Each structure stands twice: as structure tokens, then as C-alpha cells.
Number of protein chains: 2
Amino acid sequence: MIPENTVERLSLYRRVLQQIWAEGKETIMSHELAQILHIKPAQVRRDIMYLGYSGIPNIGYKVKSLIESISQFLDSTSQQSAILVGVGHLGMALLANFSGRWRQLAIRAAFDRDPEKIGRVFHGCVCYSVEDIPKVVGELKSIIGIIAIPADQAQKICDLMITSGIRGILNFSPVRLKVPEYVYVEHVDLSATFEKVAFFARTMKKLEEEKSKLPPILENCSDGYNQNVKEENLRKDVSV
Amino acid sequence: MIPENTVERLSLYRRVLQQIWAEGKETIMSHELAQILHIKPAQVRRDIMYLGYSGIPNIGYKVKSLIESISQFLDSTSQQSAILVGVGHLGMALLANFSGRWRQLAIRAAFDRDPEKIGRVFHGCVCYSVEDIPKVVGELKSIIGIIAIPADQAQKICDLMITSGIRGILNFSPVRLKVPEYVYVEHVDLSATFEKVAFFARTMKKLEEEKSKLPPILENCSDGYNQNVKEENLRKDVSV
DNA sequence: TATAATTTGTTATATAATTCACAATTATAC
DNA sequence: GTATAATTGTGAATTATATAACAAATTATA
Ligand SMILES: NC(=O)c1ccc[n+]([C@@H]2O[C@H](COP(=O)([O-])OP(=O)(O)OC[C@H]3O[C@@H](n4cnc5c(N)ncnc54)[C@H](O)[C@@H]3O)[C@@H](O)[C@H]2O)c1
Ligand SMILES: NC(=O)c1ccc[n+]([C@@H]2O[C@H](COP(=O)([O-])OP(=O)(O)OC[C@H]3O[C@@H](n4cnc5c(N)ncnc54)[C@H](O)[C@@H]3O)[C@@H](O)[C@H]2O)c1
């Protein structure tokens, strides 16, 4: 089984590679990709291993064919349609970004329970009543659902999504959804993330203050610090 | 050093505990918390260990004092102010949720470069020009920044944030930011997350299809499946 | 008061993810 | 052609995270 993190990074690699391809570069090496994404070259090579794709020693990877290889791995052969439930503040932002008729993967139907919103079109996406979820999911053959509704409504809508055929859920509500083992859920809990960032911001600040209090003699105690540095590591900071 | 995941879960625990407290429950056991969040009881106990907080055997944790203990750990003694750069679709949604004068942790200033937005108030938050970032960050003593601007602008604003004093960054733009080691960054890459969910939705679907093709005899081969099940594990599905 | 039942705190174990290190491979310089 | 330099692919080592297991602690009960 492929690691979840690898799947996510493959998506990042593809985005970077498309940019690079647009700039006219035809090959790229693992340490270049690594530098752009601030990860280790070995990580890049390991991830690409999962594709079964091979680069060329001393040359690197062919940008075009690596993009194709990632796409073959990540994408469905047919167009994938996602549905979104909850056209509020967050849902609207998601529609602005992910609604689209022509993309390979896009939100193609929205749902809300607010009568004011039902029947209207937001960022090119029709908003239906939640009662239409089973029907529309069936018609679109959608297996991807996004939840952007209040916490107390989330499990109910989640269950409805699953009985309608949804098999992957991106959940923004602050509730850990209960799903059968044949459904994948990704929880994006922005409140928790926000609090985590705040916590580590303080941690960083404290570390910095402590460090600046160290007696000067300690700052010179880096004997051997730069000894035995591997080539890879030497290279990684060239662009700094 | 405390694991990042633990910090994030502590935030979840607190939210659940506050709910539970509001419902009048005074104590809670690790397996109850675990059940609500669909994690293992050992995980809950292990996380609470980092707080230095102790529960009572055979009783559990005192809800009120556990909330206090988490808050003491997670929160700053003083109010924490975050700044947001980019009042577009996503930034607006974030303001709707995290702007607030009275909360312990909140967005208290927004920035944009669009003259149409500068000077206006969004969800209770004044929008300033990006040139004012150093000044406002200094005044608010803010060390937390949120980036919700296009990719090509992100690194520039990131650098400005850091020189202004920001030490924790929540980045929504699809760019891996380069920061010094004394700055914490959390990348929320919604496009990559969306693609990951789509990928695993298909994986789930495929697994399901394969399983349903198995000859019936295999489905009865669960000999010994329920033997040697630990008490903890037996309990965990009671509510299903 | 002793005993049984239960839950915590924590050590040990298992699993997962990342990074190292180097043989194998290819391009380039001479 | 051969030597040199560089980069890949991957097994092994390391690090991080999650789970299991159980002694110690506490309550409830006989
Ligand atoms: N906006 C943010 O930045 C943010 C941050 C953190 C968490 N969240 C979470 O994301 C979710 C959505 O946030 P939001 O800011 O967009 O909220 P919102 O109140 O702006 O929008 C919620 C939308 O869901 C609709 N809705 C409610 N119940 C529904 C139901 N049963 N079926 C269909 N539609 C229903 C409402 O009509 C409304 O349009 C919430 O759970 C919130 O906690 C949002
Ligand atoms: N909306 C989403 O759901 C979503 C999904 C995935 C990724 N993102 C990413 O989040 C970021 C914001 O997305 P959005 O949908 O809100 O975009 P948007 O275009 O709606 O808003 C961007 C805002 O940033 C402002 N801006 C641009 N350059 C600036 C600068 N240098 N300084 C200050 N302000 C500046 C613009 O004036 C605008 O108000 C983008 O990087 C986008 O790729 C958004």
C-alpha cells in the first residue's frame, strides 16, 4: 500500500513539474525538486519509486514523461466529479477554486438546505437541495464528497453521502466522522490547525529568546559541526 | 519535544470536553474520548501524559480540570492575535470564522493589496495595506500569520511577515515556503488534499469491487477472528 | 477489612515514514 | 576507449508515531 504522504507529495511534484515544463526545462534531478519543496532528495526518489517510473543516472527525470507517469497514477481514466455540501463562507471559497466543467477533477454539484440558495448557481455550480444528493451523485457517478456544514449536521450528511455512493470524503467540519472501512475520510480541522500553529509560534519564540541569552562562548562550541557532511547535504543549501 | 500530532489532538480533546462539560458531565474516561474521536484509548492517555495531568484510576479524568490543563498547555497567558494576508475567497471565509475581539486566539488584522479592500472592515476585521504589516504586527505583538494569497506572492509576503516578527505561519497557497529554522510553517494545500481524497476514493471503490467478487467460501474463513480480543477492543464498538 | 473490578500511567512493542549510504549506471572529459 | 564525476534506485538504519500490555492505583462491594 502506498503511503498517504507519498500520494500527497506526488500531487505537489506534478504541480511543480508542470510549472517547470512551462518554463521550457526538459529534465529535472531529484535534488532540484527537493530544493523547491524543501524536502530531501531521497524522499523524492523514494516517492517516484512507487510510480515504477525510472529516471536516468547523471541526467535526472524527463519532466514530460514524469508528469504523465504521475497523472496515470493519480488520475482516473475518466473525469472525476466531486460534490460539495454546504455553500456557506467556506463552501463558497471552495467552489471559487474547484468548480469547473473542464478540469479532470472538479466540484460539479453543490447542496445546501437554505431555500435561498437552492436553485441558484455559484461559481458555475448549481446548488441543489440536500434531498437530491442520492439522485445527483448517481447521475454524476461521483465518489468524492466535500462537507462544509456545521458540526451537528456533518455525520447525518456523511451517512447520506455514503449510502448514495460516495467513497472519499473531505471534511471541514470539526467532527471526526464515523465511516465504514470502505470509505476514506480526510479531516481538515482548521481550528485545530490554527491552534497548533499558534502553539508552535510561541514555542519558536521561546527557543529564540533562550538561544539569544546563551553566553557567547557557547556559540563558538560548534567543533566538528561541519565535518563529515555528506555531498547531498552540502548541496542542499546552495540556493539559500 | 511534544509530537505535532499530539498538539493537534489536544485541541480536539478540549473542544470535545467543552461540549461534554456543557452537557453536565463531570468526568470522562479515556475510552469515551477515544470513541468520540475514533481513536484508541491508549492514544488519549498517552497524549494526556504530555500535559503532566493525571486522571483517577477507575474514575477517569475530571472534565473541568482537564480542560484547564489543556488550556494552560496550549494557550498563551495573554491574548494571541493573528494576522491574515489576502482577503479573497478563502481569506474571507477564514475571517468569518476566526475574526473576533473576545476570543483567546483570533485574527485581529487583515491585509490586501487591492485598493478596493484596504480601509474596509470584513467580519469585524480592518483590512490594511500590506505596507502596514510591520507596523500592525508590532502593535498587536502578533507572532501568527495566515497566508491566503496567490502562489507567486506568497514567499515575498512570508519574508515580510518574518522580518516583522511573525514566528508561526499557516499557509494556504500552493507553495512550500522557505523559512529560517526559528519559524514554524503549516502548509494546508487544499488542491493536493483534494487530489489525495479523489485517489483514495477510487482505491476504496476498487477494493470494494474486488471483495464482492470473492467466492463466498472465503467470506466464511474468519476462523479465530474473534479469539483473544482484548477488553479495550471489545468495548470500542459498543456504540456502533 | 479483604476482594473483585476497573482504569490509569507508562514501559515495551509494533508499525510507519523518513533518511542514509552506497552499488549500479550513465554522461562527459580527456 | 578509459577515467572521472554525477545521479539514480534501493536495502539498511534511523526516527517518529501509534498501539499493546500490564503493574499500580482506586473504587465498589461483599
Ligand atoms: N469558514 C472557515 O474558515 C472555517 C474554519 C474552520 C472550520 N470551519 C467549519 O466548516 C464548516 C462550514 O463553515 P462555514 O464558515 O462555511 O459556515 P457557514 O455557516 O458560513 O455555512 C454553512 C452552510 O451550510 C448550510 N447547511 C447547514 N446545515 C445543512 C445541512 N444539513 N445540509 C446542507 N446544508 C446545510 C447552511 O445553509 C450554510 O449555507 C463548519 O463546520 C465550520 O465549523 C469553517
Ligand atoms: N479558495 C480556495 O478554496 C482555495 C483552494 C486551494 C488553494 N487556495 C489558495 O489560497 C490562496 C487564496 O485563494 P483565494 O481563492 O482566496 O484567491 P482570491 O484570488 O480569491 O484572493 C486572493 C486575494 O489576495 C490578494 N492579494 C494578491 N496578491 C497580494 C499581495 N501581494 N499582498 C496582499 N494581498 C494580495 C488579492 O487582492 C485577493 O484579495 C491561493 O494561493 C489559492 O491557490 C484556495
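On a predicted model such as this, the values are computed, not experimentally measured, just so you know. Each chain gets a letter, A, B and so on, in the order its sequence line appears, and its residues count up from 1.
Going from atom NE2 of H31(B) over to atom C1' of dA5(C) covers 14 Å, rounded to whole Å. Taking atom CD of residue Q43(A) and atom P of nucleotide dA21(C), one finds them 16 Å apart after rounding to whole Å. Spacing between atom OH of Y50(B) and atom P of dT8(C) amounts to 18 Å, rounded to whole angstrom units. If you take CD1 of I39(A) and C1' of dT19(C), they are 12 Å apart, rounded to a whole angstrom. To the nearest angstrom, P of dT8(D) lies 15 Å from CG of L51(A). If you measure from atom NZ of K40(A) to atom C1' of dT7(D), you get 18 Å, rounded to the nearest angstrom. Computed from coordinates, the M29(A) CE to dA5(D) P distance equals 16 Å when rounded to whole Å. Taking atom CD1 on I28(B) and atom C1' on dT8(C), their separation rounds to 15 Å, with Å as the unit.
The aromatic rings of Y184(A) and F200(B) sit parallel to each other, their planes meeting at less than 30°, with 60° as the upper class boundary.
Using a 3.5 Å distance cut-off with no hydrogens or angles, the side chains of K156(B) and Q153(B) do pair a donor with an acceptor. A side-chain donor from one of E23(B) and Q19(B) sits under 3.5 Å from a side-chain acceptor of the other. A donor atom on one side chain and an acceptor atom on the other are not found under 3.5 Å apart for S54(A) and Y61(A).
Between Q155(A) and L177(A), some side-chain heavy-atom pair lies under the 4.5 Å cut-off. For the pair I67(A)/Y13(A), no side-chain contact is recorded, criterion being any heavy-atom separation below 4.5 Å from C-beta on. Using a 4.5 Å heavy-atom threshold, the side chains of E26(A) and K62(A) count as separate. Looking at heavy atoms from C-beta onward, P180(A) lies in side-chain contact with I162(A) at the 4.5 angstrom threshold.
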- Message: Protein within reach of the bases, or only the backbone? For nucleotides 23-30 of chain C, mark each nucleotide 5' to 3' as B, S or -, using heavy atoms under 4.0 Å.
- Response: --BBB---

- Message: Treating primed atoms plus P, OP1 and OP2 as sugar-phosphate and everything else as base, which nucleotides of nucleotides 10-15 of chain C get B, S or - for protein heavy atoms under 4.0 Å?
- Response: BBB---

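For S30(A) and dT8(D), the shortest distance from a side-chain N or O to OP1 or OP2 is below 4.0 Å.
Between the CG atom of L37(A) and the CG atom of L33(A) there is a distance of 6.5 Å, given to the nearest 0.5 Å. To the nearest 0.5 Å, atoms CZ (R15(B)) and CD (E195(A)) are separated by 8.0 Å.
Taking each heavy atom of L12(B) and R176(A) in turn, the nearest pair found is CD1-NH2, 3.3 Å. Across every non-hydrogen atom of S30(A) and R45(A), the tightest pair is OG-NH1, 3.2 Å.
Contact annotation for S54(A): backbone-only contact, meaning every heavy-atom pair under 4.0 Å involves sugar-phosphate atoms and none involves a base.
For the helix from dT1(C)-dA30(D) to dC30(C)-dG1(D), the axis fitted to the five pairs at one end and the axis fitted to the five pairs at the other end meet at an angle of 0° (nearest 10 degrees).
The pair R202(B)-D75(A) does not meet the salt-bridge criterion, since no charged nitrogen lies less than 4.0 angstrom from a carboxylate oxygen. Under the 4.0 Å criterion applied to side-chain N and carboxylate O atoms, E32(A) and K25(A) are assigned as salt-bridge partners.
Residue whose closest nucleotide on DNA chain C sits further toward the 5' end, between E4(A) and Y53(B): Y53(B).
The stretch residues 185-200 of chain A has no heavy atom under 4.0 Å from DNA chain C, so no residue of it qualifies as close. Scanning residues 64-73 of chain A for heavy-atom distances under 4.0 Å to DNA chain D yields an empty list.
Under the salt bridge (charged side-chain N to carboxylate O under 4.0 Å, His left out) criterion, R9(B) pairs with D47(B), not counting sequence neighbours.
Looking only at distances, no side-chain donor or acceptor of S81(B) sits under 3.5 Å from a matching main-chain atom of S142(B).
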